[in-house]
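Contents: one structure, followed by commentary.
Computation of the quantities below employed the complete heavy-atom set of this structure, encompassing side-chain atoms and omitting hydrogens, waters and symmetry-equivalent molecules. Naming convention: chains lettered A, B, ... in sequence-line order (proteins, then strands); numbering from 1 in each chain.
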Number of protein chains: 2
Amino acid sequence: MSRTLQSPPEPVQDPEEARAAFRSGGTSPTAGWAPGYAQANLIAVPADWAYEMLLFCQRNPKPCPVLDVTDAGSWSTPLAPDADLRTDLPRYRVWEHGELTAEPTDVVEHWRGDLVSFLIGCSFTFESALADAGVPLRHVEQGRNVSMYVTARPCRPAGRLRGPMVVSMRPVPPRHLAAAIKESSLMPAVHGGPVHCGDPAGLGIEDLGRPDFGDPVTAEPDDIPVFWACGVTPQAAVMASRPPFAITHAPGRMFLTDARDEQYRVA
Amino acid sequence: MSRTLQSPPEPVQDPEEARAAFRSGGTSPTAGWAPGYAQANLIAVPADWAYEMLLFCQRNPKPCPVLDVTDAGSWSTPLAPDADLRTDLPRYRVWEHGELTAEPTDVVEHWRGDLVSFLIGCSFTFESALADAGVPLRHVEQGRNVSMYVTARPCRPAGRLRGPMVVSMRPVPPRHLAAAIKESSLMPAVHGGPVHCGDPAGLGIEDLGRPDFGDPVTAEPDDIPVFWACGVTPQAAVMASRPPFAITHAPGRMFLTDARDEQYRVA
């Protein structure tokens with residue numbers, strides 16, 4: 001097990017305290033934070049792109065399971081009634097015509113009255129279930145952000161929106177593979193079971209050591225790479241489809257909700 | 001076990017043959033037809049209502065799990081590539097400003113170029129799993145349509161769309177209750193587990209013998225009424241919200257897809 005050079009801040013257990021820490025300028029990746037509470041990806045687009053974004057999510061439910069959609073201009077959600085979506089994430093990305101133009105720690109200055117925000121399920125939500133089932137989480141052990149990759153697998157387009165599926169990868173020891181698949185499959189609202197296991201070439205990924213988002217994570221020799229559909233996929237769609245404006249979370253730096261993980265577990 | 005006065009036609013096993021039978025004018029309820037293949041509710045609305053309908057479905061996923069959304073004007077779906085959504089259901093309902101204006105066996109004459117069609121999961125899809133687990137299906141035994149009721153439970157509104165949740169009810173013997181709950185819960189895309197069991201007053205339903213849609217079904221003395229969220233809910237929203245135009249299936253007379261039930265089963 002290795003550590004990054006700069007030790008990350010100790011994860012906060014309570015989601016409201018965690019949001020307060022991020023509102024005050026904390027920028028840590030959120031894996032391991034507020035365990036037991038669901039985390040969410042953020043994508044906010046102008047209202048005249050909202051139908052296509054919602055349809056894109058409906059047509060690609062593995063990478064884009066929708067947990068909530070706000071009314072235009074609103075920065076609040078029933079998933080965390082006290083939260084402010086403009087300030088309570090560790091870091092944001094601002095996009096103009098598909099180009100990344102800023103990575104601020106809040107987006108109060110960038111907000112627009114016509115923005116519709118989509119909160120999309122995150123695989124961090126099933127990590128508590130994986131940990132409870134004894135599955136080691138290498139990126140959490142190593143204090144790193146999860147590794148994410150743009151794949152060669154296209155999403156089903158919706159109107160003007162198209163783009164490739166993005167995946168997160170966790171190295172899983174063979175004896176824990178069944179539990180990892182079972183536990184995640186029981187949570188379809190937060191990406192569900194993996195989309196691929198083993199050879200990364202199956203998804204068109206060339207080098208696991210060079211993720212497109214997040215950090216490289218050190219695997220043990222017999223670990224199997226397991227790939228889950230990832231809520232960064234709408235950002236890849238923004239890059240490919242170039243809507244005039246969008247705001248997203250920064251990969252791995254999620255919105256922490258007050259919803260319990262179990263709420264998204266089947267049966 | 002009793003029979004309705006008029007014996008229903010023998011259910012057809014193959015979904016393509018079933019659609020052909022309905023295209024030729026067959027009007028039978030579809031419970032028990034093409035077992036093993038997913039059935040779907042239809043709601044088609046003008047394009048300028050499509051975002052609100054999709055958002056209504058996202059906000060009310062138990063009654064309105066979306067299986068597919070067509071492009072405006074299109075009458076075809078990947079769920080059954082050879083099908084024509086205008087002709088292949090046993091019976092339709094045409095709505096103007098929330099009023100039922102026609103119940104034709106096809107809607108070729110009523111079709112409009114701006115209609116967006118939503119195909120929504122149907123509890124008939126998990127009936128094969130219930131039957132395989134030994135759960136008796138009283139309405140199928142009795143050759144009747146399933147009983148459906150408008151509840152006192154409001155859906156979460158979306159823009160101009162609001163309305164109550166509609167449920168289907170199946171009388172389940174106590175010894176089969178656990179299997180009925182488990183098997184349906186494993187299929188969240190087709191309504192998932194029940195929303196209520198037992199006293200119908202819990203949903204504001206006054207008389208099980210007088211369903212709002214479908215047929216009354218005879219229960220055995222110790223059967224427990226089990227209620228599942230129902231894809232007729234968008235029709236209740238049409239009645240309550242009065243969009244200028246809509247086309248739906250007639251309750252219990254579903255669209256038969258080529259998708260296998262198992263495709264909607266978790267893990």
Side-chain angles (χ1 to χ4, degrees), chain A residues 45-62 64-74 77-79 114 116-121 126 129 156-161 178-194 262-267, chain B residues 45-62 64-74 77-79 114 116-121 126 129 156-161 178-194 262-267:
Chain A
V45 294
D48 68 327
W49 285 71
Y51 177 65
E52 284 151 300
M53 181 56 72
L54 190 51
L55 189 61
F56 185 84
C57 293
Q58 192 283 321
R59 289 182 173 174
N60 300 283
K62 289 284 278 188
C64 308
V66 179
L67 304 185
D68 192 41
V69 183
T70 67
D71 292 322
S74 171
T77 168
L79 295 175
D114 67 343
V116 176
S117 293
F118 295 76
L119 294 168
I120 290 176
F126 61 62
R156 191 175 155 204
R160 293 168 288 180
L161 280 175
I181 293 173
K182 178 188 159 202
E183 293 300 327
S184 57
S185 294
L186 286 171
M187 302 183 79
V190 291
H191 302 305
E262 303 98 81
Q263 184 179 329
Y264 298 108
R265 191 179 160 92
V266 165
Chain B
V45 294
D48 68 329
W49 285 72
Y51 177 64
E52 284 150 301
M53 181 57 71
L54 189 51
L55 190 60
F56 185 83
C57 293
Q58 192 283 320
R59 288 182 173 173
N60 300 282
K62 288 284 278 190
C64 308
V66 178
L67 305 185
D68 192 42
V69 182
T70 67
D71 292 324
S74 170
T77 168
L79 295 176
D114 67 343
V116 176
S117 294
F118 294 77
L119 293 168
I120 291 177
F126 61 61
R156 191 176 155 204
R160 295 167 287 181
L161 281 175
I181 293 173
K182 179 188 158 201
E183 292 301 328
S184 56
S185 294
L186 286 172
M187 302 182 78
V190 290
H191 302 306
E262 304 98 80
Q263 184 180 328
Y264 297 108
R265 191 178 159 90
V266 164

Atom CG of A/Leu161 and atom CG of A/Leu54: how far apart are they, to the nearest 0.5 Å? 11.0 Å
Rounded to the nearest 0.5 Å, how far does SG of A/Cys57 lie from NZ of A/Lys62? 15.5 Å
Any donor-acceptor pair under 3.5 Å from A/Ser117 side chain to A/Thr70 backbone: no
Side chain, backbone, both or neither: which part of B/Ile181 has an atom under 4.5 Å from a heavy atom of chain A?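 Neither part.
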Return the option, out of B/Glu52, B/Arg59, B/Gln58, with the maximum number of heavy-atom pairs under 4.5 Å with chain A.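 Option with the top pair count is B/Gln58.
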Minimum heavy-atom distance B/Arg265-B/Ala129, with the two atoms named: NH1-CB, 4.5 Å
Between A/Pro61 and chain B, which part of the residue has a heavy atom less than 4.5 Å away: side chain, backbone, both or neither? neither
